[in-house]
Number of protein chains: 2
Amino acid sequence: MTKTQQTKSRASGRVTLAAVAQLAGVATMTASRAITQPDLVSETLRTRVEQAVAELGYVPNRAARALASAESKVIAVLVPSLSNAVFTEVLAGIQDALDADNYQILIGNTRYSDAEEEKLLGIYLQSNPDGILLSGLNHSPRVQQMLTSSRVPIVSMMDMSTDPAQLSVGFSQVQAGQAMTRYLIDKGHRRIGFIGAQLDERTLKRADGYRQAMREAGLADPRLELMVPDPSTIALGAELVERMLAQAPDCDAVFCCNDDLAHGAIYQCQRLGIAVPGQLAICGFNDLPASAWINPSVTTVATPRYQIGFEAATLLRAVIKGETPAATQIDLGFTLMARESA
Amino acid sequence: MTKTQQTKSRASGRVTLAAVAQLAGVATMTASRAITQPDLVSETLRTRVEQAVAELGYVPNRAARALASAESKVIAVLVPSLSNAVFTEVLAGIQDALDADNYQILIGNTRYSDAEEEKLLGIYLQSNPDGILLSGLNHSPRVQQMLTSSRVPIVSMMDMSTDPAQLSVGFSQVQAGQAMTRYLIDKGHRRIGFIGAQLDERTLKRADGYRQAMREAGLADPRLELMVPDPSTIALGAELVERMLAQAPDCDAVFCCNDDLAHGAIYQCQRLGIAVPGQLAICGFNDLPASAWINPSVTTVATPRYQIGFEAATLLRAVIKGETPAATQIDLGFTLMARESA
DNA sequence: CTGAAAGCGCTTACAG
DNA sequence: CTGAAAGCGCTTACAG
């Protein structure tokens with residue numbers, strides 16, 4: 001066990017596969033096989049190698065493996081936010097789907113910024129990922145170009161693509177926006193406002209759905225829309241509900257593009273003495289855990305984000321393995337949760 | 001540019017440094033230097049290499065770099081949860097601190113499980129990380145052993161270590177628990193309950209602080225404690241406040257080990273017609289964004305989680321660079337936020 | 001400032 | 001079922 005003959009070597013000092021093989025009395029590649037494809041090695045040698053691994057505390061070097069083999073066992077995930085519970089649940093689904101495969105999951109938070117997305121993708125591409133999980137369908141030309149030239153398999157999450165060549169898992173953001181608006185119209189509301197923040201792809205599509213439904217009903221009015229680029233927060237919801245009421249005093253319902261905004265709007269109405277839903281109906285989007293508990297409980301759209309992550313990762317893994325997926329577009333749908341606030 | 005003489009080679013097909021060097025008319029290592037240490041290369045050659053990089057769309061292979069050099073440029077971060085906003089803010093701080101250094105940040109969600117922590121650490125160690133950021137001070141013997149034998153620099157986040165050899169950044173969970181309890185006592189409360197969930201290291205320490213303060217004031221009573229191992233959620237807070245009132249009907253204040261629980265407790269009191277803080281004072285811990293907005297607004301302890309992430313990453317980076325840090329323990333403190341609910 | 005050679009620690013064909 | 005050799009794409013000493 002004392003075989004330190006490092007002269008001017010660049011050896012890291014870590015235990016190598018060669019050391020394991022030597023202790024087990026086999027060739028390096030037999031040791032390699034005993035670890036990665038144990039079925040191809042006789043029980044005798046496999047046991048000897050396993051003992052050597054345990055005795056030496058051998059930890060495989062992932063960089064060496066990635067360099068020598070075709071695959072990196074890395075999957076990169078790009079999400080626009082980690083403070084938004086929606087995406088942490090997407091990540092939980094991804095984690096669960098990839099659990100057993102020894103994948104290294106690279107989680108990148110783009111903070112809703114194209115520049116940040118480009119930067120992170122650039123770094124991740126250096127790791128030669130086996131696959132990439134992306135949020136949304138719209139990306140900067142630079143990102144698209146990087147993606148194309150990398151030839152890495154990609155699955156897009158959150159929305160449905162119209163391009164059959166593009167793998168996507170999610171649900172129709174437009175239809176969900178429409179469904180909520182129609183629900184409010186059916187409830188008898190006529191002056192329905194839309195509050196949107198961040199103005200990311202999904203918010204804009206929900207707004208589209210809102211507009212379509214309002215137009216169909218002959219209720220469309222641009223003064224009922226309030227769109228700001230700031231990040232969605234409870235504080236912003238509180239602010240925007242007041243601005244909406246100022247710009248459209250006859251507003252009788254507000255569709256907030258997400259639950260954070262809706263919660264803030266409700267809390268603010270409580271302070272201002274505005275009855276919800278009596279004087280003003282308020283609804284949100286996503287069905288965060290708090291929405292079922294706030295008083296009044298919040299009418300919203302439940303979205304299958306955990307499932308999206310799980311199914312997207314499962315689809316990606318299949319594609320990486322060279323399988324031809326049964327479907328390239330997986331629509332997981334959404335559920336309107338009618339509660340007290342609207 | 002047409003130099004495809006791959007016979008039975010295992011080449012990946014990607015553009016290599018050698019190809020860049022050839023196009024630029026320099027040696028491979030000069031190309032390498034032009035990219036990683038541009039100051040050491042003449043302007044002429046540097047420009048030629050840069051043009052070749054752009055023309056070929058060269059992306060460095062991180063695995064090859066990691067294998068050839070001593071450093072992996074990987075930092076592994078282990079957090080117990082991603083659904084808890086506290087840790088996503090810690091991550092934001094880490095991201096910001098490490099932004100410019102081309103580090104690959106490996107984010108691992110241990111889900112409060114020792115087994116999961118061991119598994120993730122095992123995977124991450126294969127990447128030979130330059131440093132590791134850990135949550136908390138208590139880890140399984142197996143994890144400690146893996147950490148020790150890896151010899152990778154470590155910084156612990158969230159709490160203060162008593163071991164001077166252990167780098168830690170955070171604040172005293174015990175003192176924070178004490179401070180909140182004393183605040184409630186000073187407000188005149190005598191029958192102060194403590195509700196704890198998950199029972200992770202931090203919750204147990206806050207409970208310790210609570211007990212010490214109650215003992216000092218001669219108010220200690222085990223019937224005022226309610227500890228359950230379930231994950232902290234709003235729903236659980238709603239359930240536990242009822243159980244607390246059942247087990248200690250004369251309870252006049254409840255200290256929840258975190259804000260999620262406190263929010264649930266408040267919503268439930270609203271439903272049950274229990275006035276907060278009139279009949280029952282309720283306070284939380286962490287100061288999540290909603291706490292300032294809920295009616296009544298929530299008395300809680302603001303914790304410097306973004307700063308913890310930022311400072312811990314900064315400290316780790318210094319240690320990796322071989323610098324001797326000015327302090328091995330960084331106490332970032334906490335702030336009691338007195339609001340309406342208690 | 002620039003470069004030819006060796007090596008990092010693994011896996012891939014190819015034999016036997 | 002087992003193994004000797006070559007190679008993955010970089011960087012590290014060491015010269016010049």
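Here is the naming used below: chain letters follow the sequence lines, and residue numbers restart at 1 for every chain.
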Atom-pair distance (NZ on Lys73(A); P on dG9(C)), nearest Å: 23 Å
Side-chain (Glu117(A)) to main-chain (His139(A)) donor-acceptor, under 3.5 angstrom: no
For Asn61(B), all residues meeting side chain to side chain donor-acceptor pair (under 3.5 Å), sequence neighbours excluded: none
Asn61(B) side chain, from C-beta outward: closest of dC10(D), dT2(D), dC8(D): dC10(D)
Under the side chain to side chain donor-acceptor pair (under 3.5 Å) test, residues paired with Ser81(A) that sit two or more places apart: Ser83(A)
Electrostatic pair Arg111(A)-Asp96(B), nearest N-O below 4.0 angstrom: yes
Rounded distance (Å) that lies between atom P of dT2(D) and atom CD of Glu43(A): 11 Å
Euclidean distance, atom CZ of residue Arg46(B) to atom P of dC1(C) [Å, nearest integer]: 10 Å
Side chain of Ser69(A) - closest among dG9(C), dT12(C), dC10(D): dT12(C)
Among dG9(C), dG9(D), dA13(D), the nucleotide that comes nearest once only the side chain of Ala68(A) is considered: dG9(C)
Nucleic acid contacts - residues 33-42 of chain B versus DNA chain C, non-hydrogen atoms under 4.0 Å: Arg33(B), Leu40(B), Val41(B), Ser42(B)
Value in whole Å for how far the C1' atom of dG9(C) lies from CE of Met29(A): 15 Å
Side-chain N,O (Thr16(A)) to OP1/OP2 (dG9(C)) below 4.0 Å: no
Nearest-angstrom distance from the residue atom CD of Gln126(A) to P of dG9(D): 15 Å
Each stem that DNA chain C is part of, given as range with range (3 or more consecutive Watson-Crick or G-U pairs, under 3.5 Å): C:1-3 with D:14-16, C:5-12 with D:5-12, C:14-16 with D:1-3
Proximal nucleotide (of dC8(D), dA4(C), dC10(C)) relative to the Leu17(A) side chain: dC10(C)
Out of dG3(D), dG9(C), dG3(C), whichever nucleotide has its closest atom nearest the side chain of Ala64(A): dG9(C)
Protein-nucleotide distance (Arg62(B), atom CZ; dG9(D), atom P), rounded to Å: 17 Å
For Asp163(A), all residues meeting salt bridge (charged side-chain N to carboxylate O under 4.0 Å, His left out), sequence neighbours excluded: none
Nearest-Å distance for atom pair CZ/C1', residues Arg65(A) and dG7(D): 17 Å
Tyr58(B): side-chain contact (heavy atoms from CB on, under 4.5 Å) partners, not counting sequence neighbours: Val15(B), Leu17(B), Val20(B), Ile35(B), Val53(B), Pro60(B)
Residue pairs, two or more places apart or on separate chains, that pass salt bridge (charged side-chain N to carboxylate O under 4.0 Å, His left out) and touch residues 133-159 of chain B: Asp159(B)-Lys205(B)
Sugar-phosphate only, base, or nothing, as touched by Ala27(B) at under 4.0 Å among non-hydrogen atoms: sugar-phosphate
Contacts of type side-chain contact (heavy atoms from CB on, under 4.5 Å), residue Asp99(A), not counting sequence neighbours: Glu116(B), Lys119(B)
Under 4.0 angstrom between Ser32(A) side-chain N/O and dC10(C) OP1 or OP2: no
N/O donor-acceptor pair under 3.5 Å between Thr30(B) side chain and Val26(B) backbone: no
Set of salt bridge (charged side-chain N to carboxylate O under 4.0 Å, His left out) partners for Arg65(A), sequence neighbours left out: none
Rounded interatomic separation in angstrom, taking CZ from Arg14(A) and C1' from dC10(C): 12 Å
